[in-house]
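The first residue in the sequence is number 1, and the count goes up from there.
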Amino acid sequence: MPLVQVDVDAAVARVTLADPARRNILSAALVDELISAFDGLEARDDVTAVVLTGAGRAFCAGADLADLLAAAEGDPAGVRRVYGGFDRVRRSPLVTIAAVNGPAVGAGLNLALVCDVRVAGESAWFDCRFPAIGLHPGGGHLRMLHELLGPQTAAAMALCRRRLDAAAAQAAGLVLEATPDDELLAVADALARAAAAAPRELVLLTKRSLHEERSLTVERAMALEEERQMWSLQLPSTAAGLRAAARKAQ
């Protein structure tokens, strides 16, 4: 059985981590399948958005302890492979929605953090976990926490072992919405389908701009957006939409 399942419906793909017996840990085999899944989806021209979730009761319980033990003995290859797994999701040009259905722990929290949007079922919780096992956080964990949550909540999670349940994660800004478990995938799918309703090339360029503008001055961001907005005005669907809006406004 595959450790990562991929289902495509219209312009939306659902990628499911499917190793529930091991709480969907980022084993070497699962990471390889996750990378292959995103490679395959990005090679298609009919997929715009991806919902990433876990099978069973966990979203992702983090790295494989065997890889961590190997790194402690001088072989970091397995840990670096884990980094490559969630970084592959981070680098995807597709819109990524994490549907966090259960615990997201350590590197599993990183996997949720690299997605564009996160929604959480009521059974979800978020735990840095690194300090509890004697590890410094890795994979950009602290930067992402700080950017999303601000310095105090990031410090509470990274230093004080504060765990956030779904409601607290929503209040802190870690997730967009906390939902009943049985509504989680419907909420995530609705977000993905809303993104996919616009022309694919426009959606992917807008995501690219969101990421690029983090490091730009306001002036440079304005110039970049002007350039790309003028490009979007040349899209046939944009012209049709503007004409329809003008007729409606009369």
Which is it for Asp127 and Leu109 under the side chain to side chain contact (heavy atoms under 4.5 Å, CB included) test, yes or no, and what are the steps along the way? CA-CA 7 Å; Asp127 190 354; Leu109 175 52; over 6 Å; no

Would you sort out whether Val95 and Val203 count as a side chain to side chain contact (heavy atoms under 4.5 Å, CB included), showing the intermediate values? CA-CA 8 Å; Val95 178; Val203 175; 3.4 Å; yes

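- Looking at Arg118 and Glu177, no side-chain N of the basic residue comes within less than 4.0 Å of a carboxylate O on the acidic one, giving no salt bridge.
- To the nearest 0.5 angstrom, Met144 atom CE is 10.5 Å from Leu174 atom CG.
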For His136 and Phe130, run ring-ring contact (aromatic ring centres under 6.0 Å, His included): C-alpha distance rounded to whole Å, both residues' side-chain angles, the deciding distance at 0.1 Å, then the answer. CA-CA 6 Å; His136 188 284; Phe130 294 104; 8.4 Å; no

Passes side chain to side chain contact (heavy atoms under 4.5 Å, CB included), Leu184 versus Asn101? Steps please. CA-CA 7 Å; Leu184 173 64; Asn101 56 298; 3.7 Å; yes

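- No salt bridge links Asp189 with Arg193; every basic N to acidic carboxylate O contact stays at or beyond 4.0 Å.
- The hydrophobic cluster containing Leu41 also contains Phe86, counting ILVMFWY residues as joined when their side-chain heavy atoms lie under 4.5 angstrom apart, directly or transitively.
- If you check the side chains of Arg57 and Ser123, you find no donor sitting under 3.5 Å from an acceptor.
- In this structure the side chain of Phe38 reaches within 4.5 angstrom of the side chain of Val50, judged on heavy atoms.
- Looking only at distances, a side-chain donor or acceptor of Asn24 sits under 3.5 Å from a matching main-chain atom of Asp19.
- The shortest non-hydrogen separation linking Ala11 to Ala196 is CB-CB, 3.7 Å.
- Within the 3.5 Å criterion, the main-chain N or O of Ala55 finds no donor-acceptor partner in the side chain of Thr16.
- Closest approach of Ala37 and Val6 over heavy atoms only: CB-CG2, 3.7 Å.
- For the residue pair Ala172 and Leu149, the shortest heavy atom distance occurs at O-CD2, 3.4 Å.
- Residues Leu205 and Met222 fall into different hydrophobic clusters, defined by Ile, Leu, Val, Met, Phe, Trp and Tyr side chains chained together at heavy-atom separations under 4.5 Å.
- Glu42 and Ser92 share a side-chain donor-acceptor pair at under 3.5 Å.
- The CD atom of Glu122 lies 9.0 Å from the CD atom of Glu183; values are rounded to the nearest 0.5 Å.
- Looking only at side-chain heavy atoms (C-beta outward), Arg162 and Thr153 stay at 4.5 Å or farther from each other.
- Leu34 CG to Leu3 CG: the interatomic distance, rounded to the nearest 0.5 Å, is 10.5 Å.
- The pair Arg220-Glu212 does not count as a salt bridge, with every side-chain nitrogen at least 4.0 angstrom from each carboxylate oxygen.
- Taking 4.5 Å as the limit, every side-chain heavy atom of Asp87 sits out of range of all side-chain heavy atoms of Val114.
- Residue His211 comes nearest to Asp116 through the heavy atom pair NE2-OD1, 3.3 Å, listed as atom of the first residue, atom of the second, then distance.
- Linking Ile, Leu, Val, Met, Phe, Trp and Tyr whenever their side-chain heavy atoms come within less than 4.5 Å leaves Tyr83 and Leu142 in two separate clusters.
- Between atom CZ of residue Arg44 and atom CG of residue Leu94 there is a gap of 10.5 Å, rounded to the nearest 0.5 Å.
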Taking it one step at a time, do Leu216 and Leu224 satisfy side chain to side chain contact (heavy atoms under 4.5 Å, CB included)? CA-CA 9 Å; Leu216 300 180; Leu224 182 69; 3.9 Å; yes

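- Cys128 has its side chain within reach of His141: a pair of non-hydrogen atoms, C-beta onward, lies under 4.5 Å apart.
- The heavy-atom pair separating Glu213 from Ala221 by the smallest distance is OE1-CB, 3.6 Å.
- Remark: side-chain polar atoms of Asp67 are not paired, donor with acceptor, to backbone N or O of Ala77 under 3.5 angstrom.
- In the hydrophobic clustering of this structure, Leu30 groups with Val79; members are Ile, Leu, Val, Met, Phe, Trp, Tyr whose side-chain heavy atoms approach within less than 4.5 Å, directly or through other members.
- More than 12 heavy atoms of other residues, nucleotides or ligands sit less than 6.0 Å from atom CZ of Arg88.
- Nearest approach of Gly138 to Asn110, heavy atoms of both residues: O-ND2, 2.9 Å.
- We find the CZ-CZ distance between Phe126 and Phe59 to be 8.0 Å, quoted to the nearest 0.5 Å.
- With contacts defined as side-chain heavy-atom distances shorter than 4.5 Å, the pair Leu26/Asp64 does not qualify.
- There is no path of hydrophobic side-chain contacts, each under 4.5 Å, that joins Val8 to Val12.
- Counting only heavy atoms from C-beta outward, the side chains of Val175 and Val117 never approach each other to under 4.5 Å.
- A salt bridge does not link Arg14 to Asp9: none of the charged nitrogens lies less than 4.0 Å from a carboxylate oxygen.
- Looking at Val15 and Val51, their side chains never come closer than 4.5 Å, going by heavy atoms from C-beta outward.
- Side-chain contact check for Val100 versus Thr53: every heavy-atom pair is 4.5 Å or farther apart.
- From Gln229, atom CD reaches atom OG1 of Thr206 across 10.0 Å, with rounding to the nearest 0.5 Å.
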